[in-house]
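Side-chain atoms are counted along with the backbone in the values below, which use heavy atoms only and exclude waters and symmetry mates. The shown structure was predicted, so the numbers you read here are calculated from the model rather than taken from an experiment. Sequence lines set the chain letters: A, B, ... in the order given, protein chains first and strands last, and positions in each chain run from 1.
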2 protein chains.
Amino acid sequence: MTTEAGGSENLLFLTDEQLRKGIEAMFFAYRGFTADPDRILEGMDYGRAHHRALHFIHRSPGTTVNNLLSILGVTKQSLNRVLRTLIEDGLVESKVGRADKRERHLHLAPKGAELERRLSDAQRARMRAAYRAAGPAAVQGFRQVLEAMMDAEARRHYQSLKETNT
Amino acid sequence: MTTEAGGSENLLFLTDEQLRKGIEAMFFAYRGFTADPDRILEGMDYGRAHHRALHFIHRSPGTTVNNLLSILGVTKQSLNRVLRTLIEDGLVESKVGRADKRERHLHLAPKGAELERRLSDAQRARMRAAYRAAGPAAVQGFRQVLEAMMDAEARRHYQSLKETNT
DNA sequence: CTTGGAAAGTCAACAAGGCTGACATAAAAT
DNA sequence: ATTTTATGTCAGCCTTGTTGACTTTCCAAG
């Protein structure tokens, strides 16, 4: 109980209003976050679910379907629908595992890598602009709060994605 | 061009890897952000869309349908489906405008206020925990980056929502 | 070697919540 | 008097999530 009603700046900002404002920030920002890729995808036969699959296959080449399922947090039926079209259309390659032939290892084919790059470029451009506008200290705080907001399992996945330069 | 390739800590962190990590943080954190209210709503006849409507009606009592549409960024048909059930079930009251009788002004009825509070309590609890874990400085950065990530119109809406104590 | 169970895939059906288009009504504005 | 605005509603479609049932493949333990 070191920080109960003492009102160090540790607690002062935790009013309901402040928390609601944070909630609204998440809501509005997430819309912006998805807006650019969504615009690119509309008209194509793909949607946000395809984008997510491409993103994580790009990030973890050779990942298995099961691993991808657990990262994305959807059912295999839901992912399969998305993955099937990506494979059929030649954006993703599915290779039978060498050690365990039940597993499928997923890689981006050139077409998939190209679409992923287009989507990612757009999304990173917005993220870069936001980072620049807010500054380096803000970015650190941004990441800290988001990480603390994740469920434990999501945080595990998040942390295990490599980052070359923190 | 004061900060081009100079590598002050202004730009060093803007590698693609860092930006991707930010993108992933948004993805995983948003899942956590919606998880608790979603759990409360499952089994009820309501979903995330109902939650959003309740939230913003609570925040702006007496708001019109058109204003709510513009905040939520959906079509009137989509909102109407949600709003109709909330009104029929007695969670939301729709009052014909006094000045302009075409408008409907929306308020939470007691039942609606109670559900909104349950949902908000859960969501605020997670936000509070994340804020506490990350600390006050991080919170400021979090909000700055999110605000910079919004589309201009969303930012307008965001900023016009009152906050008693920044 | 057989068998249990994990990994993957598929089919069917359904729900939430987006969307468009068309149309109706009331009231305000011109 | 006419047009525009705010709202509501019907019908139909799409994406992306869900459950449940079932099959095939194949590793690994008995």
Side-chain angles (χ1 to χ4, degrees), chain A residues 27 30-31 34-35 37-57 62-89 92-106 119, chain B residues 27 30-31 34-35 37-57 62-89 92-106 119:
Chain A
F27 170 69
Y30 198 78
R31 272 229 306 256
T34 56
D38 282 357
R39 249 189 302 274
I40 291 172
L41 289 165
E42 90 181 359
M44 296 197 228
D45 293 349
Y46 307 124
R48 206 178 285 181
H50 299 84
H51 178 196
R52 292 200 279 256
L54 292 175
H55 176 99
F56 286 109
I57 294 171
T63 184
T64 64
V65 172
N66 245 9
N67 184 48
L68 198 51
L69 277 179
S70 131
I71 289 175
L72 293 172
V74 299
T75 58
K76 64 173 176 172
Q77 292 91 330
S78 197
L79 176 58
N80 197 255
R81 180 167 35 198
V82 162
L83 226 39
R84 199 189 322 157
T85 69
L86 291 174
I87 292 170
E88 282 172 2
D89 297 352
V92 167
E93 282 172 21
S94 168
K95 295 181 187 172
V96 171
R98 282 192 311 167
D100 185 336
K101 293 178 194 161
R102 289 168 304 180
E103 296 179 338
R104 304 301 144 94
H105 297 275
L106 304 170
L119 297 168
Chain B
F27 170 69
Y30 198 78
R31 273 229 306 256
T34 56
D38 282 356
R39 250 189 301 276
I40 292 172
L41 289 166
E42 90 180 0
M44 296 198 227
D45 294 349
Y46 307 125
R48 206 177 286 180
H50 300 83
H51 178 197
R52 292 201 279 256
L54 291 174
H55 175 99
F56 286 109
I57 294 171
T63 184
T64 64
V65 172
N66 248 6
N67 183 47
L68 197 50
L69 277 180
S70 129
I71 288 174
L72 293 172
V74 298
T75 58
K76 64 173 179 173
Q77 293 91 330
S78 199
L79 175 59
N80 197 255
R81 179 167 39 196
V82 163
L83 224 40
R84 199 190 320 160
T85 69
L86 290 174
I87 292 169
E88 281 171 4
D89 297 352
V92 167
E93 283 172 20
S94 168
K95 295 180 186 170
V96 171
R98 282 192 310 169
D100 185 335
K101 293 179 194 162
R102 290 170 305 180
E103 296 180 339
R104 302 303 144 90
H105 296 276
L106 304 170
L119 296 168

Asker: Using modelled atom types only, decide if a donor and an acceptor are shared between the side chain of A:Arg104 and the backbone of A:Asn66 within a distance under 3.5 Å.
Answerer: no

Asker: N/O contacts under 3.5 Å, protein versus nucleotides 10-14 of chain C?
Answerer:
from, atom 1, to, atom 2, distance (Å)
C:dT10, OP2, A:Asn80, OD1, 3.2

Asker: Tell me every residue that passes salt bridge (Lys or Arg N to Asp or Glu O under 4.0 Å) with B:Arg81, counting only those two or more places apart in sequence or in another chain.
Answerer: none

Asker: Nearest 0.5 Å, please: how far is CD1 in A:Ile71 from CZ in B:Phe27?
Answerer: 9.0 Å

Asker: So, taking the atom named CD in A:Gln77 and the one named CG in A:Leu69, what distance separates them when rounded to the nearest 0.5 Å?
Answerer: 9.0 Å

Asker: Would you jot down, in residue-number order, the residues of residues 41-57 of chain B having a non-hydrogen atom under 4.0 Å from DNA chain C?
Answerer: B:Gly47, B:Arg48, B:Ala49, B:His50, B:Arg52

Asker: The criterion is side-chain hydrogen bond (donor to acceptor under 3.5 Å, both in side chains); which residues satisfy it with B:Ser70, sequence neighbours excluded?
Answerer: B:His157

Asker: Could you tell me which residues satisfy salt bridge (Lys or Arg N to Asp or Glu O under 4.0 Å) with A:Arg48, sequence neighbours excluded, listed by chain and number?
Answerer: A:Asp38

Asker: Expressed as a whole number of angstroms, how long is the span from B:Leu69:CG to C:dC19:P?
Answerer: 10 Å

Asker: Taking only residues two or more places apart in sequence or in another chain, which ones pass side-chain hydrogen bond (donor to acceptor under 3.5 Å, both in side chains) with A:His51?
Answerer: none

Asker: First and last nucleotide of DNA chain D in contact with chain B, 5' to 3', at under 4.0 Å to a heavy atom: what are they?
Answerer: D:dT5 to D:dC10

Asker: With B:Arg39, which residues qualify under salt bridge (Lys or Arg N to Asp or Glu O under 4.0 Å), at least two apart?
Answerer: B:Asp36

Asker: A:Thr85: what forms a side-chain hydrogen bond (donor to acceptor under 3.5 Å, both in side chains) with it, not counting sequence neighbours?
Answerer: A:His50

Asker: Are the side chains of A:Val65 and A:Asn80 in contact, using a 4.5 Å heavy-atom criterion?
Answerer: no

Asker: Check salt bridge (Lys or Arg N to Asp or Glu O under 4.0 Å) between B:Arg102 and all other residues, then give those that pass, not counting sequence neighbours.
Answerer: B:Asp100

Asker: Go through residues 95-105 of chain A and report each residue with a non-hydrogen atom lying under 4.0 Å from DNA chain C, sorted by number.
Answerer: A:Arg102, A:Glu103, A:Arg104

Asker: Under the rule for side-chain hydrogen bond (donor to acceptor under 3.5 Å, both in side chains), what residues qualify as partners of B:Thr64, not counting sequence neighbours?
Answerer: none

